[in-house]
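Index from 1, following the sequence. Keep in mind it's a predicted model, so treat the numbers as computed, not measured.
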Amino acid sequence: MLAAVSSSITDMLRHTGADEAAQRGQVQLVSVTAIREAVGDRWARHQPLVEDFVTRAFARNASEDDLIVRVNDTDFLLIQPSRTPMGALSRSSVLLRETLTFFLGAAEAENINISVVDRISDDGLEATRVTGDQLEAAAAERTGDLAQSRDGSAPWERFGVARPPRKMIAVKRPGQGDIQTMFYLDPVWHVAREAVVSFVVRTVAVQHLAGGDVEPVEIGSLTSGAAAELTIQRLIFLGELLGDEDRPGPSIVIHAPVSMNALSYSGTRTAVLGELRRLVKGGRRDRLIIELNHVPEGVPESRLSEVIAQVRSYARGVLVRAPSLATDVSVWSRCGAVGVIHETQSQGSPSSEKATLAALPGAVERARHAGLSAGLYGVQSGSVALAAWSAGFSHLSGDHITARLGSDPVAQRFTVMDLYRK
C-alpha cells in the first residue's frame, strides 16, 4: 500500500529519523476512517475533535522521542523509536481502540485499521496493513509491556510525566527483592456536587528480577509486613503533602488506601495505627478519607466491621473497595463504612468493556440496598464514564477523568457535560 502524503511531511519525517525507525518496524499508520464513515456529513465538525483526542491520548503516555503526525484528515503517523516493533504496534492498537470506543461506543475488529510503515519514499509512505493475527500477537505482548498502564502492568512512562505531586520509595523485603514504589494522585469526581474536591493516592509497585527484567507486583498478595510498610510509606507521603501550620498544603480531601492485610496482625496493625495517629494531628482528620482495600471476597460483615472500627476514628469516613463489580455488598449495611468503591481493573473485573457496562447498574443497586454510596475507579473511556453516571455512581476516578482535569491537587468544577469534551 502506498499512502500519499505531502512532500513537506516526508521531508520532515526524514529529518526526524523516522525513515530509520520505519526500517526497524517502529512506525505505524493509524486510521480513524471508521469514525468519518459513521458520522457522514458531520465529519467536518468531528474531525478536529477526533484529532485532539488522538494527540492528547498519545501524548499522555509518550516517551521523549515519540512523535505523532497527522498526515491527512483520517490518518495519523505514530513514530515510537524507543519501543520494540511489537511494543509500538501494541500501543498503537490501544490508542486506536480507545479512540473508536470513545466516539463509536465500541472498537469492532473490522474498524482496527493500522498499517506498519516499511519505507518513507518521495511518493509517500509504503505501508503494510496489519493482520488480525498480528494484532492478537500485539495484545499478548501487552501483558509484558510495562509502558502500558491499562493492562495491570506498571505505567513506567508516568515516571517521566509531570503528575505532581509524586514520590518514589523502596520497600525492603527480607529474603526477597526490594519493591520500587511510586505514589501519585488522581482526581475523584463527586458527581452530585459537580466538582472535584478530593484526590485518591494511587500506587505503582514493581520488582527487579534476577535477569534484569522488571515486573509489576500484585500489592494485594504482599505479606502483612510488606503491606504495612507500604501503607505507612503512603501515609508519610500524605503527611508531606498536607503540610502543617507553618507550611500548609493544598486545601483538598485525600483518599488514603489502607490494606486490610496490614491490619491482620497486632504488630503491623499497631505500626499502621500509630502512623495514622501522627497523620491526623493538627485538625487533619477532616481532610482524610480511608479506603480499606484488599478485602477478600466473601469476608464476613463481623470481620469487616472489626477492621473498620480500628481506623474509623482517624478519618471523616471509611470507604471499602469491593473485590469485584459482582460482590454482594448488600450484606455490608452495618459494617460502619459510608460507601463502597468498585474498580474496572480489579482481578475479578469483567474481561470486556461491554461486560463492564452491563455490570454497573447491579453494582449500584446492591450498594444502595446496603445504604452505601457507590464509587467507580479505573474509568478509562467516555462510554464507561457516561454509563457510570447514568447508573448512579456517586464518584468516579480514572484516566478519562484525569485527562480532562490534570493531576494538580486543586479543587475545581466538573459537570457531566465535561465528559463530552474531547
Consider only side-chain N and O atoms of [X] and [Y], and report whether a donor and an acceptor are under 3.5 Å apart.
X      : Y      : value
Ser92  : Gln80  : yes
Thr327 : Glu297 : yes
Ser383 : Glu353 : yes
Arg269 : Ser264 : no

| Taking the six-membered ring for Trp, are His395 and His255 parallel (under 30°), tilted (30 to 60°) or perpendicular (over 60°)? | tilted
Can you see which heavy atom on [X] is nearest to which on [Y], and at what distance?
X      : Y      : result
Leu279 : Leu238 : CD1-C, 4.1 Å
Arg234 : Pro257 : NH1-O, 2.7 Å
Leu222 : Ala227 : CB-N, 4.1 Å
Pro250 : Leu241 : CD-O, 3.4 Å

Out of curiosity, [X] [atom1] to [Y] [atom2], how far, rounded to the nearest 0.5 Å?
X      : Y      : atom1 : atom2 : value
Leu386 : Ser381 : CG    : OG    : 8.5 Å
Leu319 : Leu372 : CG    : CG    : 9.5 Å
Leu405 : Asp186 : CG    : CG    : 10.0 Å
Tyr314 : Leu288 : OH    : CG    : 12.0 Å
Lys354 : Leu357 : NZ    : CG    : 10.0 Å
Ser390 : Leu360 : OG    : CG    : 9.5 Å

So does [Y] get a backbone contact from the side chain of [X], meaning a donor-acceptor N/O pair under 3.5 Å?
X      : Y      : answer
Arg278 : Ile236 : no
Thr268 : Ala228 : no
Ser397 : Pro187 : yes
Gln28  : Val30  : no
Arg83  : Ala88  : no
Gln134 : Gly132 : no
Arg404 : His400 : yes
Trp389 : Val416 : no
Asn293 : Ser259 : yes
Asp52  : Leu49  : no

Using a 4.5 Å cut-off on heavy atoms from C-beta on, say whether the side chain of [Y] contacts that of [X].
X      : Y      : answer
Ile35  : Trp43  : yes
Ser93  : Ile114 : yes
Val204 : Phe183 : no
Phe237 : Ile254 : no
Thr231 : Leu263 : no
Leu325 : Leu376 : yes
Pro81  : Asp66  : yes
Val318 : Val338 : no

| field | Pairs meeting criterion salt bridge (charged side-chain N to carboxylate O under 4.0 Å, His left out) with involvement of residues 38-49, two or more places apart | value |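 Salt bridge (charged side-chain N to carboxylate O under 4.0 Å, His left out) check on residues 38-49 returns no pairs.
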| field | Pairs touching residues 325-337 that satisfy salt bridge (charged side-chain N to carboxylate O under 4.0 Å, His left out), sequence neighbours left out | value |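 Listed by first then second residue: Glu301-Arg334.
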| Is the closest basic N to carboxylate O distance between Arg70 and Asp75 below 4.0 Å? | no
| message | Taking the six-membered ring of Phe58 as reference, does the cationic atom of Arg91 (NZ for Lys, CZ for Arg) lie under 6.0 Å from its centre and within 45° of its axis? | response |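 So Arg91 does make the cation-pi contact.
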| said: Take a 6.0 Å sphere around CZ of Arg193 and say whether it holds more than 12 heavy atoms from other residues, nucleotides or ligands. | reply: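 Open: at most 12 neighbouring heavy atoms sit under 6.0 Å from CZ of Arg193.
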| request: Verify side-chain hydrogen bond (donor to acceptor under 3.5 Å, both in side chains) between Gln26 and Ser82, making sure each step is shown before the conclusion. | output: CA-CA 8 Å; Gln26 298 162 319; Ser82 295; over 6 Å; no
| message | Under the criterion side chain to side chain contact (heavy atoms under 4.5 Å, CB included), I'd like the reasoning laid out for Val32 against Leu96: C-alpha separation, chi angles, the key distance, then a yes or no. | response | CA-CA 8 Å; Val32 294; Leu96 182 56; 4.2 Å; yes
| said: Apply side chain to side chain contact (heavy atoms under 4.5 Å, CB included) to residues Val117 and Leu77 and explain how you reach the verdict. | reply: CA-CA 9 Å; Val117 175; Leu77 198 67; 3.7 Å; yes
| task | List the steps and the verdict of side chain to side chain contact (heavy atoms under 4.5 Å, CB included) for Asp73 and Gln47. | result | CA-CA 7 Å; Asp73 67 337; Gln47 191 275 327; 4.3 Å; yes
| field | Check against side chain to side chain contact (heavy atoms under 4.5 Å, CB included), Arg202 and Leu185 | value | CA-CA 6 Å; Arg202 308 299 280 178; Leu185 299 182; over 6 Å; no
